[in-house]
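Nothing here was measured: the structure is a model prediction, and the numbers come from that model. To find a chain, count down the sequence lines: A is the first, B the second, and so on, and within it residues start at 1.
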Amino acid sequence: MHALDWAVVAAYVAWLVWDGVKRTKLENTTESYFLANRSMPWWAVGLSVMATQLSAITLVGTTGQGYNDGLRFVQFYYGLPIAMIILCVTLVPFFYRARVYTAYEYLERRFDLKTRTFTSGLFLISRAMSCGAIAAAPAVVLSVVLGWSVTLTTLLILVPAVIYTMLGGVQAVTWTDVKTMSLTVIALIIAMVFLVMGLPSGVRVDDALTIAGGTGRLNAFDFDFTLTETYTFWSGMLGGLFLMLSYFGCDQSQVQRYLTAKSVDDGRTSLLMSAFWKIPLQVLVLIVGVFTFLFYLFNQPPLLFNPVHDARVRSSAVAAAYEGLEREFQSTFDARRQAALDIAAARRSGDVREQARATDEFSRHDVTLRGIRSQAIGLVRKATDDAAYNDVNYVFPTWITTALPIGIVGLWIAAIITAATDSIAAELNSLSTASVIDFYKRLMNPTATDAHYLLVSRLTTGLWGIFAGFVAVYASSLGSLIEVVNRFGSFFYGSILGVFMLAILTKRTTGTGAFVGLTAGMIAVASVAIGRPDISFLWHNVIGAVVVFSVGLTLSIFNKRSEDQKKLELKPF
Amino acid sequence: MPPAPDSPRNWSRTYVSVIIVEVVSLVMLWWLQSHYGA
């Protein structure tokens, strides 16, 4: 990277940290530190909700998914707008009227202490691990692209987040989210402009879309009702609905965002901002990925986008096989590019038969190229023991650092780093809130002064940051662990949602019923995940919520009946 | 700080507009798939 790009990255990160730190003097009570005195404007909260969900994994991994699979992934979000409406009607007003700091605090008022402690504990475990994974995934990619060690790139992501979250609290988190969300959208639009400008002369956007569509990359609907396919219309509408209900309604990292809003109405409006904008934004990210595919359709890409693995394979025992694949890749790439140009020319001249012939040829070469890439990835796995290696995560960062002009590269690297930083900051803030409010203040030291709790909150933020750093460095050295950690969260999400459903939708449910239901839900999800690993993790959310709700409610009715029976037996006639 | 009072805003119109925006987004994606898709 050029010095000017580094200057852009350094200036932007320094600005974020300075702006966060200067809010320290505003944070003099726990309510201001955790909830900004419930005074934030709806638009800032709305952008913060979106920024917390949009991590660096979205910018790097989702563009890679767009490159590889096209728009399929957008189906994951089809349930989101409906989930937001349901939350605005149900949980949001409950949380506001209860004047809670954490979502789990509400569960003690509705059920009992053990249900609150259990769900808050589950949140702490899953979020602490995922916080490390959120740092690890971009740290690994940036270390390869920038040529730095993973520890250094992890520190580059984590240290700013820890500093401004520790000192500036939720206000620092929210206002940095606003800046980064704006930067991300600007960076995506700039990328789109450069990608369209990068099309060869004679290939119009319409031609490019026809070529991408011919490979299936513009397919945004798959109506097959199969539990084993992750991204279908039904898994998005049902599994995605339950996941979004749980993530936005029961996960402290999101609930805390809208608890900072001025009123119930502002909280609702901030959530609905995601309902309006999430699908279009996700389509933009994926379309950028699709156009990156088109860019590398006309410009020679490397066989592998990860230069470190490329070098390791070349010096391994499979080097000869790899070089053979590279020659085959080169000739097939040339043939596919020519076929793509033929499609564009045939479209211009209106020659339908020629277009059909060129399309057939293009598809044939495209399938061959996919096969060659798969074989190359197989060689990487053989030569490096990196069983989880996925080349797509390196596609977009490679395009950024090689195809964009000086200055814009810095802007994009800053966007990736701070997208990770922002998500981590929101998680550290919520981890600290749950630790202090649900455990330290509730169970260990309930009578201390507010100044004491504020100090403990800052220290807890720092400790969670150090923990996330260790998880990130450890996770990145194991590769596949990142995926395990991400899936780990799906064990809990549906079950926690089931507890909140019991709290809000039923009057009969008892604390013991909710607690046993939660345990049963988690056992059910774990059994499905282990016994039927082919079932997509999106359905785990539905299974967890349904089992918790039915077991919790049934047990409560049974318990209540036996209690009523006891009362009758004891009643003197 | 005391909670700000709720406004008497009617939310059903906003919820309907969320659904309309989603339906329009899906129709546009469907058009993209059917016009260009494989």
Query raised in the report: Quick one: CG on A/Asn219 to CG on B/Leu32, what's the gap to the nearest 0.5 Å?
Result: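 Rounded to the nearest 0.5 Å, the CG-CG separation comes to 9.5 Å.
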
Query raised in the report: Got a donor-acceptor contact below 3.5 angstrom from the B/Gln33 side chain to the A/Ala220 backbone?
Result: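 Yes; judged by distance alone, with no hydrogens or angles, the pair exists.
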
Could you have a look at [options] and say which one has the most heavy-atom pairs with chain B under 4.5 angstrom?
{"options": "A/Asp266, A/Thr269, A/Val74", "result": "A/Thr269"}
{"options": "A/Thr359, A/Ile279, A/Ile85", "result": "A/Ile85"}
{"options": "A/Leu80, A/Val89, A/Thr210, A/Leu209", "result": "A/Leu209"}

**Report entry** Other residues, nucleotides, ligands: >12 heavy atoms within 6.0 Å of B/Met28 CE
**Finding:**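 Incorrect, the count does not exceed 12.
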
**Report entry** Proximal component of B/Val18, with respect to chain A [non-hydrogen, under 4.5 Å]
**Finding:**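 Both backbone and side chain.
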
**Report entry** Region of B/Ser34 in contact with chain A, defined by heavy-atom distances below 4.5 Å
**Finding:**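 Neither the backbone nor the side chain of B/Ser34 comes within 4.5 Å of chain A.
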
Query raised in the report: Heavy-atom distance under 4.5 Å to chain B: side chain of A/Ile211, backbone, both or neither?
Result: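 Neither; nothing under 4.5 Å.
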
Query raised in the report: Under a 4.5 Å cut-off applied to non-hydrogen side-chain atoms, are A/Cys88 and B/Tyr15 in contact?
Result: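 Yes, side chains in contact.
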
Report task. Determine whether B/Val21 and A/Trp277 make a side-chain contact, defined as any pair of heavy atoms from C-beta on separated by less than 4.5 Å. Result ->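 SC-SC contact between B/Val21 and A/Trp277 ruled out.
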
Query raised in the report: Can you name the closest pair of heavy atoms from A/Tyr78 and B/Leu26 and give their distance?
Result: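 Looking at all heavy atoms of both residues, the closest pair is CE2-CD2, 3.3 Å.
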
Query raised in the report: What pair of heavy atoms forms the shortest contact from B/Trp11 to A/Leu272, and how long is it?
Result: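 Looks like CZ3-CD1, 3.6 Å.
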
Sequence neighbours excluded and cut-off under 3.5 Å, please list the side-chain donor-acceptor pairs for residues 234-244 of chain A, or say none.
from: A/Trp234; atom 1: NE1; to: A/Phe223; atom 2: O; distance (Å): 2.9
from: A/Ser235; atom 1: OG; to: A/Thr230; atom 2: O; distance (Å): 2.5
from: A/Ser235; atom 1: OG; to: A/Thr232; atom 2: N; distance (Å): 3.0
from: A/Ser235; atom 1: OG; to: A/Thr232; atom 2: O; distance (Å): 3.1
from: A/Ser235; atom 1: OG; to: A/Thr232; atom 2: OG1; distance (Å): 3.3

